[in-house]
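Below is one structure, written out as structure tokens; the observations come after it.
Chain A is the first sequence line, chain B the second, and so forth, proteins listed ahead of strands; every chain is numbered from 1.
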Amino acid sequence: MIANTLTVILILAGLVFFAAGTAGLLRFPDVYSRLHALTKADNVGLGLVILGLMLQAGGPADILKLFLIWVLVLAAGTTAAHMVAQRTWTHGEFESDR
Amino acid sequence: MSDLLLVVFDLVLLVGLLGVAWRCLASTDLFRAVVLFITFGLLLALAWVRLEAPDIALAEAAIGAGITGALLLVTLERLRSIVVERRRGQPDEPPDPAGADALLHALHDPPPPRRTFVPALTFALVVGGLMVTALWHQPDAVGLEPVVDEHMDVSGVDHPITAVLLNFRAYDTFLELAIVLIALLGAWSLGRYDRLPARPAPGPILPGTLRLLVPVAIVTGVYILWAGSHAPGGAFQAGAILGAAGILLVLARPRDLPMAPSSPLRLGLAAGVALFLAIGIVGLLIGPGLLGYPPAWAYPLIIVIEVAATLSIALTLVALFIAGRPAGDDR
Amino acid sequence: MEWLAQQLAPGLIYPTAGAILFALGLYGLIRRHHLVLRILALNIMGSGVFMVLLGIAARGEGPPDPVAQALTLTGIVVAVSATAFALALVVRLTRITGQAVMLPGPPDDHAPVDDISREEHAPSAEYDREHRE
């Protein structure tokens, strides 16, 4: 029962972070601040969701898999954000060639 | 209560899918369209999970969103570099026949002319309406699930989808591998390997991450291949994951791809089809029929075919990403 | 509420959405001219078909129909290879004509046909100079 309540609280908290990150992505003015909002908020949000799911896991193997998912998403997200930022730094903001 | 929540989830997901598809097709900027298409693929993977098809969701996330997205993005870069190259042209030459707005046409599509609106809308509405009507009036049937379930003990594996793919309907899978190979031969027939219009990303971040991710991807791919005999997974998903790892490696050093040794490469590309056919013909000669296996041997044979198919699919996907025959080939 | 949930069961709304996706893709295929967009439209039509198949497979009680799922899996892999081949053709067409759209009018049957299969593309400026006459 306690585990279930904790799961709900953790996942809801994670979703709040996701919502904040998405709002930042949509509303912030330039690439860097958008990346900042997206990566920071989403990593914490995903961490909270994963933590919530770990409480429901069937055993150590499931917990490890969930943890692995979090680490891999962190690594991939960090690299992607870095490459977007670097491209913006060298080439300027992305513009459509309209 | 939970039923209602699921219905709400379904509706939100489907409206999102249709909206993203619409925005993708209505976009005048091709880059935007491609990004929306990748989003569409990821949402589609969620829909497959909801329809109790985890195998398809795995394949969709790796192939539909990942590899197709990479292919589309590299194609846009190729188009851009071709058009820029053409536009740069020499001053003493006649003007480019494609006209001054060639760049515009390469990565942008102007809004379609108004006169096609009514016919296109009518046609789409009629086809869609017919499909929806047919689907609503289709009688409920159990499908082939009981039949597959009944024969699981002779299939050699414990996962029904793998049993269908590699035993009951091995024809489909064999021909599919052949199609994948033919697509690559078609791409190769268009010319020699085309240099990727990408610069290696500066800095240690991408190589460092790849050093971490590629081994993980290989382990994951092999695990998914092995898991396919008793749980969601199998040759296609594993091949897609390994192929994605290969594409990442190509992107890390786009300018100096290692020269692929010709005959091992060709052997690897054809391994899936060749081995499948060889085992199928042996099946024809010793009894159970073309592409059939004796039940006692089914499990090892399926594993052998799956390993070869995984290798071929992964190599083919990377070769299709590079497009064109390897440099230094057939001189 | 119960009635509504029954009417909106996944076995019904997913195939319906699949049919709409198919029609949407068809509409885009007819109206858009850029070939990459047309390839996207074809892929969306394919996804609509997959959704119809999987939605019907998930109808009724018990586990979903594995044959339909296996067919879809095959279809996804075929779709990605066909897409890759089509994109290679688009790149080739753009290299020759400078545009990634289908040109109006019938093809010119008397135009000389080069053996394209052994060409080198990397120095594309040279290739261009040769072929622009």
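The heavy-atom pair separating B/L14 from C/A17 by the smallest distance is CD2-CB, 3.6 Å. The shortest non-hydrogen separation linking B/C24 to C/L40 is SG-CD1, 3.8 Å. Residues B/L135 and C/A19 approach most closely at CD1-CB, 4.2 Å, considering heavy atoms. The shortest heavy-atom contact between B/P113 and B/T116 is O-OG1, 3.0 Å.
Annotation: maximal heavy-atom pairing with chain C below 4.5 Å, among B/L317, B/L125, B/T173, B/L72, occurs at B/L72. For the set C/P64, C/A57, C/A79, the count of heavy-atom pairs under 4.5 angstrom toward chain B peaks at C/P64. Residue with the most contacts toward chain C among B/A26, B/G41, B/P146: B/A26 (heavy-atom pairs, distance under 4.5 Å). Across B/V147, B/V180, B/T68, B/L181, the residue that shares the most heavy-atom pairs under 4.5 angstrom with chain C is B/V180. Interface remark: of the candidates B/L121, B/V126, B/I67, B/L175, B/L121 forms the most heavy-atom pairs closer than 4.5 Å to chain C. Considering only heavy-atom pairs separated by less than 4.5 Å from chain B, the leading option among C/P63, C/A88, C/G25 is C/P63. Taking C/T72, C/I30, C/D65 one by one and counting their heavy-atom pairs under 4.5 Å with chain B, the maximum is reached by C/D65. Ranked by heavy-atom pairs under 4.5 Å with chain C, the first of B/V164, B/L18, B/L51 is B/L51. With chain C as the partner, the residue from B/H159, B/R169, B/E60, B/Q138 showing the most heavy-atom pairs under 4.5 Å is B/Q138.
B/F9 is not listed as a side-chain neighbour of B/L5, based on a closest heavy-atom distance of 4.5 Å or more. Using a 4.5 Å heavy-atom threshold, the side chains of C/I20 and B/W22 count as separate. Considering only heavy atoms from C-beta on, C/R32 comes within 4.5 Å of B/T28 through its side chain. Residues C/I44 and B/F37 meet the side-chain proximity criterion, which asks for heavy atoms closer than 4.5 Å. With contacts defined as side-chain heavy-atom distances shorter than 4.5 Å, the pair C/S47/B/F40 qualifies. Under the 4.5 Å side-chain criterion, counting only non-hydrogen atoms from C-beta, B/L17 is in contact with C/M51. Under the 4.5 Å side-chain criterion, counting only non-hydrogen atoms from C-beta, B/T75 is not in contact with B/V34. For the pair C/F50/C/L71, no side-chain contact is recorded, criterion being any heavy-atom separation below 4.5 Å from C-beta on.
In this structure, the portions of B/F117 lying under 4.5 Å from any heavy atom of chain C include both its backbone and its side chain. Looking at B/S27, only its backbone comes within 4.5 Å of chain C, counting heavy atoms on both sides. Using a 4.5 Å cut-off between heavy atoms, B/R115 does not touch chain C at all. Only the side chain of B/V148 comes within less than 4.5 Å of a heavy atom in chain C; its backbone stays farther off. In this structure, chain C has no heavy atom under 4.5 Å from any part of B/I182. When heavy atoms are compared at a cutoff of 4.5 Å, C/L29 does not approach chain B at all. For a residue to count as touching a neighbouring chain, one of its non-hydrogen atoms must lie under 4.5 Å from one of that chain's; by this rule B/L44 touches chain C with the side chain only. Proximity to chain B is limited to the side chain of C/T83, based on heavy atoms less than 4.5 angstrom apart. Proximity to chain B (any heavy atom under 4.5 Å) is restricted, for C/R59, to the side chain, taken from C-beta onward. Using a 4.5 Å cut-off between heavy atoms, C/I56 touches chain B through its side chain atoms alone. Contacts of B/P119 with chain C are absent, with no heavy-atom separation under 4.5 Å from either backbone or side chain. Residue B/L144 touches chain C through both its backbone and its side chain, counting heavy-atom pairs closer than 4.5 Å. With a 4.5 Å cut-off on non-hydrogen atoms, C/F22 touches chain B through its side chain but not through its backbone.
For the pair C/Q69 (side chain) and B/I56 (backbone), a donor-acceptor distance under 3.5 Å is absent.
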